[in-house]
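Computed from a prediction, not measured in an experiment: that's the story for all the values here.
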Amino acid sequence: MAYSQPSNRSTGDVITAAIWNQDVVANMIAMTPHGFSAIIDGGGAAITAGIKFDIYVPARCSLVKVTQLADTSGSIVTDLWKTTYSLFDNSTHPVAADSICSTSKPTIASAHKSQDSTLLNWTVQWEEGDVVRVNVDSCTSITRETLAGNVSYN
């Protein structure tokens with residue numbers, strides 16, 4: 001959703017709910033950053049590989065950027081698996097075959113951070129009700145990571 005210029009108004013114009021939504025609410029949504037942020041914590045030890053948590057997608061959106069921040073220099077590879085709410089059963093979906101990341105998974109390589117806004121060959125369109133699972137493929141040295149995603153509503 002992109003910013004749209006409010007239409008011209010004159011003193012005494014009646015502002016209907018439709019005009020209000022067009023001029024104010026839509027632009028508030030467009031100008032407010034949206035996304036998710038979560039912490040993966042190894043409890044003082046290096047984060048272990050495996051499923052960490054699920055994210056419920058409340059509205060249709062597009063993923064536009066993924067950011068990773070680590071508490072210490074190290075390496076971590078994270079994968080995101082997406083399925084629909086109706087297919088979610090915690091055993092056959094979501095699984096590795098449902099990965100949205102193609103071959104360019106979110107990765108910190110011997111550093112404290114990484115950021116990807118290219119998302120090359122990713123499935124970036126998410127529908128209302130989708131479930132995104134976060135899985136750590138591998139990790140060395142990092143004991144706490146913040147995983148954040150920016151989305152654009154469309």
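- Taking all atoms of both residues into account, the shortest heavy-atom contact from Lys52 to Thr48 is NZ-O, 2.9 Å.
- The minimum heavy-atom distance between Ser141 and Gly74, with the atom names listed, is CB-CA, 4.0 Å.
- Panel note: side chain Ser114, backbone Thr107; a donor-acceptor pair is recorded below 3.5 Å.
- Gln68 and Thr78 share a donor-acceptor pair across their side chains, judged by distance under 3.5 Å alone.
- Residues Phe53 and Leu69 are members of separate hydrophobic clusters, defined by side-chain heavy-atom contacts under 4.5 angstrom among Ile, Leu, Val, Met, Phe, Trp and Tyr.
- At a threshold of 4.0 Å, the pair Arg144-Asp41 does not count as salt-bridged, since none of the basic side-chain nitrogens sits closer than that to a carboxylate oxygen.
- Counting all heavy atoms, side chain and backbone alike, Ile47 lies closest to Cys139 at O-CB, 3.3 Å.
- Within the model, atoms CD of Glu145 and CG of Leu147 stand 5.5 Å from one another, a figure rounded to the nearest 0.5 Å.
- Using a 4.0 Å cut-off between a side-chain N of Lys or Arg and a carboxylate O of Asp or Glu, Lys82 and Asp98 do not qualify as a salt bridge.
- With hydrogens and angles disregarded, no donor-acceptor distance shorter than 3.5 Å links the side chain of Ser102 to the backbone of Ser104.
- Following chains of ILVMFWY side-chain contacts shorter than 4.5 Å, one cannot reach Leu119 starting from Val77, and the two form parts of different hydrophobic clusters.
- Of the possible donor and acceptor atoms, one in the side chain of His112 sits under 3.5 Å from a partner among the backbone N and O of Ser73.
- Taking each heavy atom of Leu63 and Gly149 in turn, the nearest pair found is CD1-CA, 4.1 Å.
- Using a 30° and 60° split on the angle between ring planes, His34 and Tyr153 fall in the perpendicular class, above 60°.
- Using a cut-off of 4.0 Å between Lys/Arg side-chain N and Asp/Glu carboxylate O, Lys105 and Asp137 are scored as salt-bridged.
- Counting non-hydrogen atoms of other residues, nucleotides and ligands closer than 6.0 Å to OH of Tyr85 gives a total of 12 or fewer.
- A salt bridge links Glu127 with Arg60: the closest approach of a Lys/Arg side-chain nitrogen to an acidic carboxylate oxygen falls below 4.0 angstrom.
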Inset, instruction - Apply side chain to side chain contact (heavy atoms under 4.5 Å, CB included) to Val136 and Ile40, showing your working. - result: CA-CA 9 Å; Val136 172; Ile40 301 171; 4.0 Å; yes

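- A pairwise comparison of heavy atoms in Gly44 and Thr143 identifies O-CG2, 3.7 Å as the closest pair.
- In terms of heavy-atom proximity, Leu80 sits nearest to Cys101 at N-SG, 3.6 Å.
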Inset, instruction - Please lay out, stage by stage, how Val134 and Asp54 fare under the test side chain to side chain contact (heavy atoms under 4.5 Å, CB included). - result: CA-CA 6 Å; Val134 176; Asp54 298 319; over 6 Å; no

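- With Trp81 contributing its side chain and Pro94 its backbone, the two residues share no donor-acceptor pair below 3.5 Å.
- Residue Ile55 is not grouped with residue Val131 when hydrophobic side chains (ILVMFWY) are merged at heavy-atom distances under 4.5 angstrom, including chains of intermediate members.
- Phe88 and Phe36 fall into different hydrophobic clusters, defined by Ile, Leu, Val, Met, Phe, Trp and Tyr side-chain heavy atoms under 4.5 Å apart, directly or through other members.
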